[in-house]
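A quick note: this is a predicted structure, and the numbers were derived from the prediction, not measured.
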There are 2 protein chains.
Amino acid sequence: MTNIKLQPKPDAPTKSVPLTFDALKVACSQCNLRELCLPLGMTEDEMVRVDTLVGARRKIKRGHHLYRAGDPFEAIYAVKTGFFKTDVLIEDGRDQVTGFLMAGELLGLDGISSETHTCNAVALEDSEVCLIPYEELERLSSEVRTLQRHFHKVMSREIVREHGVMMLLGTMRAEERLAAFLLNLSQRFTARGYSPTEFHLRMTREEIGSYLGLKLETVSRAFSRFQEEGLINVQQKYVHILDYERLRHLLSRCPA
Amino acid sequence: MTNIKLQPKPDAPTKSVPLTFDALKVACSQCNLRELCLPLGMTEDEMVRVDTLVGARRKIKRGHHLYRAGDPFEAIYAVKTGFFKTDVLIEDGRDQVTGFLMAGELLGLDGISSETHTCNAVALEDSEVCLIPYEELERLSSEVRTLQRHFHKVMSREIVREHGVMMLLGTMRAEERLAAFLLNLSQRFTARGYSPTEFHLRMTREEIGSYLGLKLETVSRAFSRFQEEGLINVQQKYVHILDYERLRHLLSRCPA
DNA sequence: GCTGTAGTTTGATATTTGTCAATGCGTTTC
DNA sequence: GAAACGCATTGACAAATATCAAACTACAGC
């Protein structure tokens, strides 16, 4: 059984080296995120094999890229700590944030199709990811059935998530979009043991707007409106949901 | 080597039985869509095994469902002939078309995550699909490496496609969306040996609008505008692209 | 051939969101 | 502590799209 102690955080002034590789292997079996990353019900033996799959960790400083569109695809990444956004750019400068990712979520699935990353992944706070070499994942998942099934489910879940975003972008108005966004964050924070009603946004209004298909001013106005209505308390990046139910109700199309 | 002749099309008046199962197995190795559905470079042996994977065909009459949100997930489907849309509904009646599918494309990937279909698949013309039982696909793909890799690529490609739709819905204006839509169709028809410039739309203005996040009137006006400008010739569902280049140029953000 | 229906087009108007601009807040840097 | 910067808020106005309504077209059924 692999047993590796977590390295102490140096948090050193490595300012000129934003991407640091950590030679230490990390044991998934010991990780407190394993229920998020891995299937339930693996045997001890399977677990040991998964421990060999996940490679080094990698630290990404806030504002730095984990990968960029065009980079060769070699691995997927599991967020260990921190917060990321992914976005797609087109020539004329437009960009679309396609997702925000937090602990236990997987980055890089888009790269499998063309063996090249098709979007950018940027850390929104100092973060750490686990590196999962794709070749090895393929090999192991053909041997460990529960892993294969799990990986397929993760990919499928991403497709379903994106359907939700399409619904949001295609049919909802500004305030509905923001409500859906806040509720989704709330739910994901809850699943990670944080407060469902109080959290810090890691992204700017502009990034929220890009994700929601709105301009930053519209996002800001929607926040202010929610505050006026007593739905939330918002102070810059700090958000406190005061009336969860009424926020949910906003999504059921009862035009105020 | 499996050798099965295609059954003659009965095209019979099976009006009261919109969904018909066809007991005949279909040999992928003999199918003219195999470059669309399957990886290149499979060995003869692997091909034979894939032939055993794909089950019966199933015919779906225009307007009928291949599956509905909530149905248990058991198989994915490859479009053999015809045309489908997939859509997601929410309680309050809003719906979002999430995709249009044509020959050689795969339906049902969304169902893997929860073992339940999460969207509806509806035939927009009389269609036929090949049924691929998911359990068997999993088993075979763990044995045939090229198949596994191909399947992962197909899933990943769907994720990338949806990023494109998010970009479209999040950043483009009405005419850009319609241009992108027409160019995408053109490209896919071309890949199937049809004219890049002349085709029949299988969907209504409302369905196009739902996909593009617009109302049907806006879609109609955009069509009319393209016609006035000499970009296309459009007569109801018939579309003739007159100036492909200028249509492409619309997407490069040079506000007319 | 007539009728009904579903789908489409077009116009007038309303609503929503974007744009531009000014101001304010909070943090970092010097 | 002042200055500079990034980010957020707010207002006035413009632009895009939705809504409502009417007419038109193609096609299916009788």
Between protein and nucleotides 20-26 of chain C, what N or O pairs are separated by less than 3.5 Å?
{"unit_1": "dC20(C)", "atom_1": "N4", "unit_2": "Glu217(A)", "atom_2": "OE2", "d": "3.2"}

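Nucleic acid contact class of Ser220(A) (heavy atoms, under 4.0 Å, all strands): base. Among the atoms of the strands shown, only primed sugar atoms or phosphate atoms (P, OP1, OP2) are found under 4.0 Å from some heavy atom of Leu214(A). Gly209(A) comes within 4.0 angstrom of nothing in the nucleic acid, heavy atoms only.
Note on Arg173(B): a side-chain N or O is less than 4.0 Å away from OP1 or OP2 of dA16(D). Thr204(B) has no side-chain polar atom (N or O) that falls below the 4.0 Å cut-off from OP1 or OP2 of dG7(C).
Between Phe73(A) and His117(A), the angle of the ring planes goes over 60°, which puts this pair in the perpendicular group of the 30/60° scheme. Taking the six-membered ring where tryptophan is involved, the planes of Tyr194(A) and Phe189(A) are perpendicular, since the angle between them exceeds 60° and thus also 30°.
Environment of CD in Glu206(A): sparse, with no more than 12 heavy atoms of neighbouring residues, nucleotides or ligands closer than 6.0 Å.
Rounded to an integer number of Å, the gap from Leu216(A) CG to dG6(D) P is 15 Å.
Contacts classified as side-chain hydrogen bond (donor to acceptor under 3.5 Å, both in side chains) and involving residues 178-187 of chain A (residues at least two apart or in different chains) are given here: Asn184(A)-Arg188(A).
In terms of the ring pair (Phe, Tyr, Trp, His ring centres under 6.0 Å) criterion, Phe83(B) has no residue partners (sequence neighbours excluded).
Atom CG of Leu242(B) is separated from atom CD of Gln227(B) by 8.0 Å, given to the nearest 0.5 angstrom.
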